[in-house]
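Only heavy atoms go into these numbers, but all of them, side chains included; no hydrogens, no water, no symmetry mates. Note that the numbering runs from 1 along the sequence shown for the chain.
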Amino acid sequence: MPDMSGKNGIITGAGSGIGRASALAFARAGARVVIMDIAAEPLEETARLIREAGGAVETMVGDASDEDLAESMVARAVDLWGSLDVAHNNAGIGTAATPFTQQDRAVWERVFTLNVFGTMSFMKHELRQMEKQGSGAIVNTSSMSGKNGSPGLSPYNASKWAVNGMTQTAALEYAERGIRVNAICPGATFTAALAEWKESSPREFEGYTSAIPMKRAAEPREQEDAAVWLCSEEAGYVTGTLLDVAGGEGILGKQ
Ligand SMILES: NC(=O)c1ccc[n+]([C@@H]2O[C@H](COP(=O)([O-])OP(=O)(O)OC[C@H]3O[C@@H](n4cnc5c(N)ncnc54)[C@H](O)[C@@H]3O)[C@@H](O)[C@H]2O)c1
């Protein structure tokens, strides 16, 4: 585990799944974290787990697509601890599978509002602060869906391609200024939605995971380990990387 002692960070969508795992991991590595989620109780539970383990944490409840909240969350970390060194922009939503021709524009807008404009807003204010410092590392949660086509999931798929695009553009714009920007691209990860799917449709779930080269979904901690590493000094020469954390899914058919 990299050493993040003395580092200050923010994590969005930290009330459950990958975001909670990431918040716990950054704190375990020694970082002080401001965490946010739209759901107050799960967020408080994440904070409780961090405090119980001896970590320093502050919470903010709100919508990660709100640019004012993004600005004030960055300001909160800086006011409390003096800098913003690491950021994990993780909050995102998916959609029910629907053929392209039956997609509703309102669904596209809902998905883009959070996944694209939310991520963009957080990056903008994180980068402004990191630029003042001349240092910092950002990791966005993208998806393998942002590298491939995903039948039935067009709004989600396009939103994650957008996340990958803004990750690489920001990486190039800030490469000379001491700031690194990367993304994790999770494959199927065993969070609440996947657990529900396994429960309700065990045969489909089995069929899906058996097509993954490693024959299983990821655990959230496997995503969090990658996110912490990308923000650590050990990854000091890594920027603009869209890191598959997907059990080999990304290289299927590409040999
Ligand atoms: N689980 C997977 O298989 C998988 C695969 C690829 C990518 N991802 C990505 O990982 C990220 C996290 O997903 P997860 O599986 O951990 O989901 P999750 O549902 O377990 O957690 C998402 C968290 O985000 C919060 N949230 C939702 N809308 C929000 C908003 N508007 N503002 C702030 N918080 C909000 C939820 O309350 C929840 O705590 C997402 O960006 C998702 O697209 C997940």
Side-chain angles (χ1 to χ4, degrees), residues 1-14 18-19 21-36 50 55-60 64 66-92 116-142 162-185 223-243 245:
M1 170 69 68
D3 182 9
M4 294 254 170
S5 312
K7 305 274 188 203
N8 308 313
I10 63 183
I11 296 121
T12 69
I18 294 169
S22 173
L24 291 168
F26 275 104
R28 243 190 343 267
R32 294 173 285 222
V33 289
V34 183
I35 60 174
M36 70 85 61
I50 291 173
V57 60
E58 290 285 321
T59 57
M60 286 181 85
D66 174 354
E67 181 164 351
D68 291 341
L69 183 88
E71 187 171 13
S72 55
M73 201 164 149
V74 171
R76 180 93 171 265
V78 175
D79 289 348
L80 282 167
W81 303 311
S83 64
L84 178 70
D85 307 298
V86 293
H88 186 179
N89 304 315
N90 166 76
V116 180
F117 298 120
T119 304
M120 176 276 288
S121 300
F122 270 85
M123 286 177 70
K124 175 173 154 186
H125 292 284
E126 291 157 2
L127 287 165
R128 281 185 179 173
Q129 175 59 31
M130 290 174 178
E131 192 173 16
K132 282 188 219 156
Q133 300 166 187
S135 64
I138 294 172
V139 61
N140 295 321
T141 301
S142 178
V163 169
N164 286 345
M166 68 178 99
T167 298
Q168 294 199 324
T169 291
L172 290 175
E173 286 188 17
Y174 290 88
E176 284 183 76
R177 293 182 242 182
I179 302 164
R180 298 181 302 101
V181 188
N182 293 290
I184 54 169
C185 296
Q223 304 301 339
E224 123 228 328
D225 287 343
V228 170
W229 179 76
L230 283 170
C231 288
S232 73
E233 282 166 17
E234 282 81 347
Y237 200 55
V238 180
T239 198
T241 291
L242 311 174
L243 184 65
V245 190

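At distances below 3.5 Å, not a single donor-acceptor pair connects side-chain atoms of R180 with backbone N or O atoms of A137. With hydrogens and angles ignored, the 3.5 Å screen pairs no side-chain donor or acceptor of S22 with any backbone N or O of G19. Not a single donor-acceptor pair under 3.5 Å links the side chain of S142 to the backbone N or O of V163. Listed for the D85 side chain is no donor-acceptor partner under 3.5 Å among the backbone atoms of G136. Side-chain atoms of N164 do not come within 3.5 Å of backbone N or O of L242 as any donor-acceptor pair.
Closest approach of M130 and L84 over heavy atoms only: CG-O, 3.6 Å. The nearest pair of heavy atoms linking V116 to A162 is CG2-CB, 3.8 Å. For Q129 against V78, the heavy-atom pair with the smallest separation is CD-CG2, 3.5 Å. Contact detail for L127 and A170: the closest heavy-atom pair is CD1-CB, 4.1 Å. Looking at every heavy atom in both residues, A64 comes nearest to A91 through CB-CB, 3.8 Å. Taking both residues in full, the closest heavy atoms of T59 and R76 are given as O-NH1, 3.6 Å, listed atom of the first, atom of the second, then distance.
Judged as a salt bridge (charged side-chain N to carboxylate O under 4.0 Å, His left out), the pairs with a partner in residues 225-238 (not counting sequence neighbours) are, in order, K7-E233.
Here the CD1-CE distance, from I138 to M123, works out to 5.5 Å after rounding to the nearest 0.5 Å. With rounding to the nearest 0.5 angstrom, the CD1 atom of I10 is 9.5 Å from the CE atom of M60.
Shown are M120, E126, H125; of these, the side chain to side chain contact (heavy atoms under 4.5 Å, CB included) with F122 is made only by E126.
Residues meeting the side chain to side chain donor-acceptor pair (under 3.5 Å) test with N90, sequence neighbours left out: T141. Residues meeting the salt bridge (Lys or Arg N to Asp or Glu O under 4.0 Å) test with E67, sequence neighbours left out: K124. By the side-chain contact (heavy atoms from CB on, under 4.5 Å) test, A171 pairs with V181, T239, sequence neighbours left out. Taking the salt bridge (Lys or Arg N to Asp or Glu O under 4.0 Å) definition, one finds that E71 meets it with nothing, sequence neighbours left out. Applying the side-chain contact (heavy atoms from CB on, under 4.5 Å) criterion to E131, with sequence neighbours excluded, gives Y174, R177, I179. Every residue was checked against the side chain to side chain donor-acceptor pair (under 3.5 Å) condition with K132, not counting sequence neighbours, and none meets it. Shown here are the side chain to side chain donor-acceptor pair (under 3.5 Å) partners of E176, two or more places apart in sequence or in another chain: there are none. Taking the side chain to side chain donor-acceptor pair (under 3.5 Å) definition, one finds that D79 meets it with nothing, sequence neighbours left out.
Residues T119 and N140 bring no donor and acceptor atom of their side chains to less than 3.5 Å of each other.
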Legend entry - Derivation and outcome, side-chain contact (heavy atoms from CB on, under 4.5 Å), residues L243 and N182: CA-CA 8 Å; L243 184 65; N182 293 290; over 6 Å; no

Donor-acceptor pairs under 3.5 angstrom involving side-chain atoms of residues 27-36: please list them, not counting sequence neighbours.
unit_1	atom_1	unit_2	atom_2	d
R28	NH2	E224	OE2	3.0
R32	NE	N8	OD1	2.8
R32	NH2	N8	OD1	3.1

